[in-house]
Undergrad: 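Take this structure first; my questions come after.
Quick note: residue numbers are just sequence positions, from 1.
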Amino acid sequence: MSRIALLVTGALPAFGDYHVVFAAFLRAAAPAHDFELVPYDVVHKMEYPTDDQLRTFDALMYTGSASNAFDDIEWINTLVAFTARVVHDHPTLKLIGICFGHQIIARALGGSCVRNDRWEIGPTSLDLTPLGKSLFSVDTLVRSSFTYSACLIPHQTIQQMHRDHVPTLPPSFDLLASTPTSPVQ
């Protein structure tokens, strides 16, 4: 069984809490894979896994947030510092950042997060690098479908909702995908 610490960085009033939503997404994506998702409220409770608890996890997953990853406020600065410490002290622990989480990880590891001049909203095509193509086992992640011989053949869809972005690849990162609006995905 995989154990994942879920660092909850906001709320989803219309859909339920992030823990419920992410558990449902993970079960739908990998129904045969057994996992435990343990939530930590890093915004209101400022709770984080201890070093002993971190040793029991396979990954840290960071949720999205309505907050700006570049804001200079206590809970965001604490999350950035925690992330930098985890990378240093637990180098084999996998980090998975969703939108805001990706931006926090970039900041913690020497990158930046800034306001973009435009939004990326809704289904978005991503240009994959050779490493991205290898990792995802596809040539592109696109929003489209086409009909061939009266059969609908779907392609993968990536939903996006952000204006903030990571403008340049942080040191020691590998680029997987990009868009014209946000070159580091």
Undergrad: Looking only at atom types and distance, does a side-chain atom of T9 sit under 3.5 Å from a main-chain N or O of G64, one as donor and one as acceptor?
TA: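 Looks like yes, one N/O pair under 3.5 Å.
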Undergrad: Kindly give the heavy-atom pair with the smallest separation between L7 and P49, and that separation in Å.
TA: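 Closest heavy-atom pair between L7 and P49: CD2-CD, 4.0 Å.
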Undergrad: Should I104 and L175 be regarded as members of a common hydrophobic cluster, given that ILVMFWY residues are connected when their side-chain heavy atoms come within less than 4.5 Å of each other, either directly or indirectly?
TA: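 Same hydrophobic cluster.
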Undergrad: What heavy-atom pair brings P39 and E47 nearest, and what distance separates the two atoms?
TA: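 Nearest pair, atom of P39 first, then E47: O-OE2, 4.1 Å.
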Undergrad: State whether a side-chain donor-acceptor pair under 3.5 Å links D164 with N116.
TA: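 No pair is found: no donor N or O on one side chain lies under 3.5 Å from an acceptor on the other.
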Undergrad: Starting from I98, can I reach I76 by hopping between I/L/V/M/F/W/Y residues whose side chains sit under 4.5 Å apart?
TA: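 No: no chain of side-chain contacts under 4.5 Å links I76 to I98.
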Undergrad: Check for me, please, whether Y62 and F100 land in the same ILVMFWY cluster - side-chain distances under 4.5 Å, paths through other members count.
TA: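 As far as the 4.5 Å side-chain criterion goes, F100 and Y62 are connected within one cluster.
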Undergrad: How about Y48 and F82: are their ring centres within less than 6.0 Å of each other?
TA: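 Yes, the ring of Y48 comes within the 6.0 Å limit of the ring of F82, centre to centre.
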Undergrad: Any idea which heavy atoms bring F57 and A5 closest together, and the distance?
TA: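 That would be CD2-N, 3.4 Å.
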Undergrad: Counting only N and O atoms by type, is there a donor-acceptor contact under 3.5 Å from the side chain of H19 to the main-chain atoms of V38?
TA: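 Absent.
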Undergrad: Distance only, no hydrogens: is a donor on one side chain within 3.5 Å (strictly under) of an acceptor on the other, for H90 and D51?
TA: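 A donor-acceptor contact under 3.5 Å links the two side chains.
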Undergrad: Decide whether R163 and N68 meet the rule of one side-chain donor and one side-chain acceptor closer than 3.5 Å.
TA: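 Note: R163 and N68 side chains miss the donor-acceptor criterion.
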Undergrad: To the nearest 0.5 Å, what is the distance between CD1 (I105) and CG (L95)?
TA: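 With rounding to 0.5 Å, CD1 (I105) is 5.0 Å from CG (L95).
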Undergrad: Kindly say whether L79 contributes a backbone atom to a donor-acceptor pair with the side chain of T83 at under 3.5 angstrom?
TA: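 Side chain of T83 to backbone of L79, a donor-acceptor pair under 3.5 Å: yes, one is there.
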Undergrad: Spell out, as yes or no, whether a donor-acceptor pair under 3.5 Å connects the side chain of T168 to the backbone of V166.
TA: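 Pair absent, no side-chain N/O of T168 close to backbone of V166.
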Undergrad: Are F173 and L176 co-members of a hydrophobic cluster defined by side-chain heavy atoms under 4.5 Å apart?
TA: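 Not linked; separate clusters.
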Undergrad: Under a single-linkage definition using a 4.5 Å side-chain heavy-atom cutoff for Ile, Leu, Val, Met, Phe, Trp and Tyr, are I96 and F35 assigned to the same hydrophobic cluster?
TA: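 Same cluster.
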Undergrad: Do NZ/NE/NH1/NH2 and the carboxylate oxygens of R3 and D58 come within less than 4.0 Å?
TA: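 No, R3 and D58 are not salt-bridged.
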Undergrad: Surrounding NE2 of H88 (heavy atoms of other residues, nucleotides or ligands, distance under 6.0 Å), is the total greater than 12?
TA: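 12 or below, so no.
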Undergrad: Taking I73's backbone N and O only, do any of them form a donor-acceptor pair with D71's side chain (distance below 3.5 Å, no angle check)?
TA: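 No; zero donor-acceptor contacts below 3.5 Å.
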Undergrad: Aromatic rings F22 and Y18: how do their planes relate, parallel, tilted or perpendicular, breaks at 30° and 60°?
TA: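 Ring orientation, 0 to 90° scale: perpendicular.
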Undergrad: Would you name the heavy atoms of G10 and T63 that are closest together and state the gap between them?
TA: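 Smallest heavy-atom distance, with atoms named: N-OG1, 4.3 Å.
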Undergrad: For the residue pair T181 / H165, report whether a side-chain donor-acceptor contact shorter than 3.5 Å exists.
TA: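 Distance-only check fails for H165 and T181.
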Undergrad: Is the closest side-chain heavy-atom distance between D17 and L12 below 4.5 Å?
TA: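 No, side chains not in contact.
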Undergrad: Side chains of E120 and S182: any donor to acceptor distance under 3.5 Å?
TA: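 Checked: S182/E120 side chains pair up, N/O donor to acceptor below 3.5 Å.
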